[in-house]
Student: 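Structure provided below as structure tokens; questions to follow.
Just so it is clear, the model here is predicted, and its values are computed rather than measured. Both backbone and side-chain heavy atoms feed into the values below; hydrogens, waters and symmetry mates do not. Order of the sequence lines fixes the chain letters, A, B, ..., with proteins taken first and strands second; residue numbering starts at 1 for each chain.
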2 protein chains.
Amino acid sequence: MAQSDTVDRILDAAEELFADRGFSETSLRMITSKAKVNLAAVNYHFGSKNALIHAVFARFLTPFSATLETAFDELEERCDGQPPTLNQTLWALTESAVRMPQRNEKGISIFMRLLGLAYTQSQGHLRKFLEQEYGDPFSRFMRLLKEATPQLSSVDRYWRIQFMLGATAFTMSSSDALRDILQNKLGVETTIQEIAARLVPFLAAGMQAEDKMLIPVPDSHTPVA
Amino acid sequence: MAQSDTVDRILDAAEELFADRGFSETSLRMITSKAKVNLAAVNYHFGSKNALIHAVFARFLTPFSATLETAFDELEERCDGQPPTLNQTLWALTESAVRMPQRNEKGISIFMRLLGLAYTQSQGHLRKFLEQEYGDPFSRFMRLLKEATPQLSSVDRYWRIQFMLGATAFTMSSSDALRDILQNKLGVETTIQEIAARLVPFLAAGMQAEDKMLIPVPDSHTPVA
DNA sequence: CAGGGCTTCAAACGTATGTTTCAAACAGAC
DNA sequence: GTCTGTTTGAAACATACGTTTGAAGCCCTG
């Protein structure tokens, strides 16, 4: 069928261009010429450029949030009443992301960058769309974080969650540039899984840092109960 | 004198609008009307929109990098040959930022957001400008970080520095929205100093996390060895 | 007060954008 | 084959943008 072919080609091209250049910096003409479709096809199939942006996110986020919900379900069931630990919660999220079926070799990294852009490049319509459409799994993640860090005050936890989001979104949003630098300068291949494997311990350690630290921290915290 | 008045009003308006909306999303007409100057004034005084963006960064970054250099000088002198610790290095940076003379009540947070945008919103010209103009103090900071974390492999250190940059830039770049939420929901005033006081321990703990933290996630997928 | 270098101003220029139009091409049902 | 609804195509539309222009205004020196 011709339609879904055109629609998918537009989504593929848009996803990649948005990730590379941002939303405002990507024109419909770039998208349609990369997708080898007519300019009018975007407005015909999606209605507007903003609606196309939403569709790009929905194509990934809808199955992802379903995967995430079941991962949280399994986790809570496995914990049998007890709240999951911080590490378990973070890994549930990470694994859900990594296990998503990947459309191409660029895989999930493109989409991580898009999420980072969505948060940073605060396009009003996009944030509203994401909150409205995918607010529930996000709230659930927040609740799990809260239960996993009962020792933190609300204010401390609030800020540390922001720091975690920042490290994640920013790292992911720096596209493949970071990985390229690493490959060229140190000759190291780096997959998204390996980045995640480094990021999660960093986040967990920061999240559980001793408060009001003024002196170099001894390597004493062993968070996993 | 009229000139510096116009130039400063343009810089003030541009700084705030860029921070609020991003670079591409801010038009010269928005800037000039907010600054109450003629549209042509930007091209007259700065030459182009890109040059205006550079000027906005230079106005803050030039005195800041000078302050930072002396802070590092003092720190290294105080340590008398021994490499400064991670906490000392982070605090030297943080204090230099916080102590910068602030133009208005929004203070440094606007500029932090601009730095975050500069990194994320990959405007080629901007990154080139920043690297060329302010690469030296950045390299020095990186060198200090390396000496403060000799236990880390190059690859680990590389990624953890990215995580730190991310948490910092992202948090700062979330403008006053985060602080507003906090004030409304929890009724807490939060200054930039208090955020920094929470951020630095988080970063230091993450930076010094035990490597290859074991994961409580069951079956399959063990993180990199 | 006359001249000349800055600075401001209103207006216009050329270009790129998102969107719309409407005819042509196509698909499947009868 | 013919008809009907859907999809594509080339072209145009209106608008917003960064930039340029050239005249007017300003301020200081002589």
Student: When you check every protein heavy atom under 4.0 Å of nucleotides 10-23 of chain D, what one-letter string (B, S, -) results, 5' to 3'?
Tutor: B-B----BBBBB--

Student: If you measure from CZ on Phe202(B) to CG on Leu203(A), what distance do you get to the nearest 0.5 Å?
Tutor: 5.5 Å

Student: Among all residues two or more places apart in sequence or in another chain, which pass the salt bridge (charged side-chain N to carboxylate O under 4.0 Å, His left out) test with Glu69(A)?
Tutor: Arg140(A)

Student: What is the distance, rounded to the nearest whole Å, between atom NE2 of His45(B) and atom C1' of dC9(C)?
Tutor: 12 Å

Student: On the 0 to 90° scale, with breaks at 30° and 60°, tag the His54(A)-His125(A) ring pair as parallel, tilted or perpendicular.
Tutor: tilted

Student: Does the side chain of Thr6(B) get closer than 4.0 angstrom to OP1 or OP2 of dT8(C) through an N or O atom?
Tutor: yes

Student: What residues form a salt bridge (charged side-chain N to carboxylate O under 4.0 Å, His left out) with Lys128(A), not counting sequence neighbours?
Tutor: none

Student: Are Phe57(A) and Phe111(A), when compared by the centres of their aromatic rings, separated by less than 6.0 Å?
Tutor: yes

